[in-house]
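On a predicted model such as this, the values are computed, not experimentally measured, just so you know. In the text below, chain A, chain B and the rest are named by the order of the sequence lines, each starting its count at 1.
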Protein chains: 2
Amino acid sequence: MSQQAYLKGLLEPIILKLLQEHGSLYGYEITQMVKTLTAGDIQITEGALYPLLHKLESSGLVETDLRTMQNRQRKYYSLTQDGKKATAQALDGLQRFVQHLQLILKPQTA
Amino acid sequence: MSQQAYLKGLLEPIILKLLQEHGSLYGYEITQMVKTLTAGDIQITEGALYPLLHKLESSGLVETDLRTMQNRQRKYYSLTQDGKKATAQALDGLQRFVQHLQLILKPQTA
DNA sequence: AATTATACCTAAGAAAATTATGCATCTCCC
DNA sequence: GGGAGATGCATAATTTTCTTAGGTATAATT
């Protein structure tokens, strides 16, 4: 079982968290950021990332603005007001989930 | 986003861990154990559990024996030798993954 | 006697990823 | 000047994995 398998379902809160933390990011930047943070262990594929970003945009949680830097077009994503609320909730839920997970993964007495 | 969504991909290592910890368990017992451990927050549905147990059995990671207790038939699952090795590896990987996840979820300087 | 809990199972569908592409620009190196 | 690799976006077919919704049967509770 690869590390990747565990990522299922967690991509969305991870992206929201990164946007919360950094203000605005573009897609490719997100993939590189996660890769760097996890020493290459976790890799967000573009085939998963872009459709998810589009979904978040169409549901109003993020908004985009296009910027051109040295002839490179980048689409920057940032949280909307709705997105900020949703992110806070999602991260609360995820933290609870991780605590439960740790509980299961620790040696048990029960 | 429900807590359940985060479970994707994690069911298998969780089951392996519980079997490692408890020796042998039957299906229904696993669902109740997780429910209790997480105060009802995480719920393993039978539609996900049984097919997964069957997959683990057919791939040789677990083996079963049927026992009848007060007219109740239970199918107990336990790790094979292969299963024990696979479990150790899976849990190593999962621990690494969770650490990476925590890294992403904590406030960042970079 | 009916409901809930225990205990197993499968099938259709949905969700969310992987894998495999495609396009375009820029930088580095030979 | 030409190729390789990085940057940057995107979509489509397929696969994996789960949810939802059923089905069967026995035991305990009300």
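- Between the P atom of dC18(D) and the CD atom of E12(B) lies a distance of 9 Å, rounded to the nearest Å.
- Contact check, N71(B) against dA27(D): a side-chain N or O comes under 4.0 Å of OP1 or OP2.
- No hydrogens or angles were tested; on distance alone, nothing pairs the side chain of Q73(A) with the base of dC9(D) as donor and acceptor under 3.5 Å.
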Next item on the list: Take L53(B) and I15(B), measure what side chain to side chain contact (heavy atoms under 4.5 Å, CB included) needs, and give me the verdict at the end.
Entry: CA-CA 9 Å; L53(B) 287 173; I15(B) 290 171; 4.0 Å; yes
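- Within the 4.5 Å cutoff, side-chain heavy atoms of L16(B) are placed close to those of E12(B).
- Minimum atom distance to the side chain of P51(B) is reached by dT10(C), of the listed dA16(C), dT10(C), dT6(C).
- Atoms NE2 (H54(A)) and C1' (dA10(D)) sit 7 Å apart, rounded to a whole Å.
- The side-chain heavy atoms of R74(A) and E29(A), taken from C-beta on, include no pair separated by under 4.5 Å.
- In this structure, the nucleotide among dA10(D), dA17(C), dA5(C) sitting nearest to the side chain of Y77(A) is dA10(D).
- The side chain of R72(A) contributes no N or O atom lying less than 4.0 Å from OP1 or OP2 of dC26(C).
- For Y28(A), no side-chain nitrogen or oxygen approaches OP1 or OP2 of dC9(D) to under 4.0 Å.
- Atom NZ of K35(A) and atom C1' of dA6(D) are 10 Å apart (whole Å).
- Going from atom CG of L53(A) over to atom C1' of dA17(C) covers 15 Å, rounded to whole Å.
- Between the P atom of dA17(C) and the CD1 atom of I42(A) lies a distance of 13 Å, rounded to the nearest Å.
- Using a 4.0 Å heavy-atom cutoff across all strands shown, G27(A) reaches sugar-phosphate atoms only and no base atom.
- Judged by distance alone, the side chain of T80(A) and the main-chain N or O of G60(A) form a donor-acceptor pair under 3.5 Å.
- Here Y50(A) does not reach the OP1 or OP2 of dA10(D): none of its side-chain N or O atoms lies under 4.0 Å away.
- For K75(B) and dT10(C), the NZ to C1' distance is 13 Å, given to the nearest whole Å.
- Atom C1' of nucleotide dA7(C) and atom CE of M33(B) are separated by 15 Å, given to the nearest angstrom.
- Taking 4.5 Å as the limit, every side-chain heavy atom of H100(B) sits out of range of all side-chain heavy atoms of L37(A).
- DNA chain C is contacted by both E29(B) and A48(B); E29(B) maps to the nucleotide lying nearer its 5′ end (nearest heavy atom per residue).
- Here the P atom of nucleotide dA11(C) and the CD atom of E46(B) are 16 Å apart, to the nearest Å.
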